[in-house]
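Before any comments, here is the structure.
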Amino acid sequence: METESQRAATEREFSLQLSPTPRGARLARLLATERLRAWNVPYEAAAHVVAELAANAVTHGRVPGRDFRLRLALRSTAYDTIRVEVTDTRGDLAPETRAPDPDAESGRGLLLVEALATRWGVTREPPPRKTTWAELDL
C-alpha cells in the first residue's frame with residue numbers, strides 16, 4: 001500500500017481495467033507506451049515491464065469474467081520514478097522467478113522485469129487480488 005507521502009509525490013497517474021485476454025495484454029502495452037510518451041519520459045523499458053506483467057496477469061492470474069488493472073504512476077521525488085502496477089484476481093498465486101528450461105519458449109518474463117526494474121515485488125490485496133509492481137528510476 002502507498003503511504004501518504006508517496007501519494008503526495010505522484011505527479012501523474014494512469015489507470016484502467018482490461019480484459020484478461022492476450023488482446024488485453026497487448027492493449028496494456030500500447031496504452032502504457034502512449035501515456036508515457038505523452039508524459040515525455042523514456043518509455044522503452046517500462047513498456048517491456050508492462051508487457052511482461054500484463055502477460056503474466058492474463059496467463060497465470062486469469063479468472064474468467066474478472067478483469068485485470070494496469071496502473072502507471074510518475075513520481076518526482078529525489079529522483080523520477082515510473083511505477084507500474086498490474087492487479088489480477090489470483091491472489092493465491094504469487095509470481096516467482098525461476099530458471100527457465102533452455103528450450104522453453106516462455107518463462108523468462110519476471111527475469112526480464114528483474115533486469116529492467118530498479119525494484120519489483122508483490123503486494124497482497126484484499127482477496128482475491130494481488131498487485132505485482134515494478135519501479136524504474138529514470
Side-chain angles (χ1 to χ4, degrees):
M1 307 257 2
E2 286 182 326
T3 66
E4 196 62 38
S5 63
Q6 287 173 316
R7 271 188 233 108
T10 299
E11 289 186 353
R12 297 182 179 139
E13 188 173 320
F14 174 74
S15 180
L16 74 156
Q17 298 279 121
L18 295 155
S19 65
T21 62
R23 182 173 185 255
R26 284 190 305 274
L27 190 57
R29 181 186 173 132
L30 289 171
L31 294 173
T33 299
E34 289 307 311
R35 180 59 55 162
L36 293 169
R37 278 185 187 158
W39 289 345
N40 200 27
V41 296
Y43 60 86
E44 292 87 358
H48 286 298
V49 169
V50 168
E52 294 303 334
L53 296 183
N56 280 353
V58 304
T59 303
H60 307 292
R62 183 175 191 274
V63 174
R66 293 184 180 168
D67 294 342
F68 74 95
R69 180 175 53 107
L70 168 67
R71 180 177 172 268
L72 301 176
L74 177 63
R75 293 197 178 100
S76 187
T77 53
Y79 44 84
D80 290 339
T81 302
I82 298 171
R83 182 174 173 101
V84 175
E85 297 179 355
V86 174
T87 303
D88 65 49
T89 53
R90 286 298 306 266
D92 57 320
L93 293 177
E96 59 184 56
T97 57
R98 60 180 180 267
D101 181 323
D103 297 327
E105 293 182 16
S106 63
R108 294 169 180 82
L110 287 178
L111 294 173
L112 183 59
V113 169
E114 195 170 77
L116 294 172
T118 307
R119 62 206 144 266
W120 75 278
V122 178
T123 303
R124 300 271 182 207
E125 304 286 342
R129 296 183 304 267
K130 73 171 175 303
T131 297
T132 306
W133 56 268
E135 293 182 340
L136 296 87
D137 293 342
L138 302 178

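As a basis for the values below, the full set of heavy atoms in this structure was taken, side chains included, without hydrogen atoms, waters or symmetry mates.
- Taking each heavy atom of P42 and I82 in turn, the nearest pair found is O-CD1, 3.7 Å.
- Screening V86, L27, L31, L53 for a side-chain contact (heavy atoms from CB on, under 4.5 Å) with L70, the sole residue that qualifies is V86.
- Atoms CD and CG, on E44 and L36 in that order, are 9.5 Å from each other to the nearest 0.5 Å.
- Of all heavy-atom pairs between V113 and A134, the closest is CG1-CB, 4.1 Å.
- One finds the CD atom of E52 at 9.5 Å from the CG atom of L111 (value rounded to the nearest 0.5 Å).
- Under the side-chain contact (heavy atoms from CB on, under 4.5 Å) rule, T89 has a single partner from K130, E125, R69, R129, which is R129.
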Step by step, would you call R26 with V58 a side-chain contact (heavy atoms from CB on, under 4.5 Å)? CA-CA 10 Å; R26 284 190 305 274; V58 304; over 6 Å; no
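- In terms of heavy atoms, P20 sits closest to F68 at CA-CD2, 4.0 Å.
- Clustering ILVMFWY residues whenever any of their side-chain heavy atoms sit less than 4.5 angstrom apart, transitively, puts W39 in the very cluster that holds L16.
- Side-chain atoms of D67 and S19 form no donor-acceptor pair, as typed in the model, at a separation below 3.5 Å.
- A search for salt bridge (Lys or Arg N to Asp or Glu O under 4.0 Å) contacts involving R37 returns E34, not counting sequence neighbours.
- Judged as a salt bridge (Lys or Arg N to Asp or Glu O under 4.0 Å), and not counting sequence neighbours, the contacts of R90 are D92.
- Of the charged side-chain nitrogens involved, none lies within less than 4.0 Å of a carboxylate oxygen, so that D88 and R66 do not count as a salt-bridged pair.
- Using a 4.5 Å heavy-atom cutoff, the side chains of H48 and L136 are not in contact.
- In the hydrophobic clustering of ILVMFWY residues, with side-chain heavy atoms under 4.5 Å counting as a link, L110 and V122 come out together.
- Annotation: the span from E85 atom CD to E13 atom CD amounts to 8.0 Å, rounded to 0.5 Å.
- Using a 4.5 Å cut-off on side-chain heavy atoms (C-beta onward), T132 and N56 make no contact.
- Atom OG1 of residue T87 and atom CH2 of residue W133 lie 13.0 Å apart, to the nearest 0.5 angstrom.
- Linking Ile, Leu, Val, Met, Phe, Trp and Tyr residues whenever their side-chain heavy atoms come within less than 4.5 Å places V84 and L138 in a single cluster.
- Summarising the geometry of L116 relative to A45, their closest heavy-atom pair is CD1-O, 3.9 Å, with the distance given to 0.1 Å.
- With hydrogens and angles disregarded, no donor-acceptor distance shorter than 3.5 Å links the side chain of R35 to the backbone of L72.
- Shown here are the side-chain hydrogen bond (donor to acceptor under 3.5 Å, both in side chains) partners of W120, two or more places apart in sequence or in another chain: there are none.
- When side chains are defined from C-beta on, D137 does not count as touching D80, because their heavy atoms never get closer than 4.5 Å.
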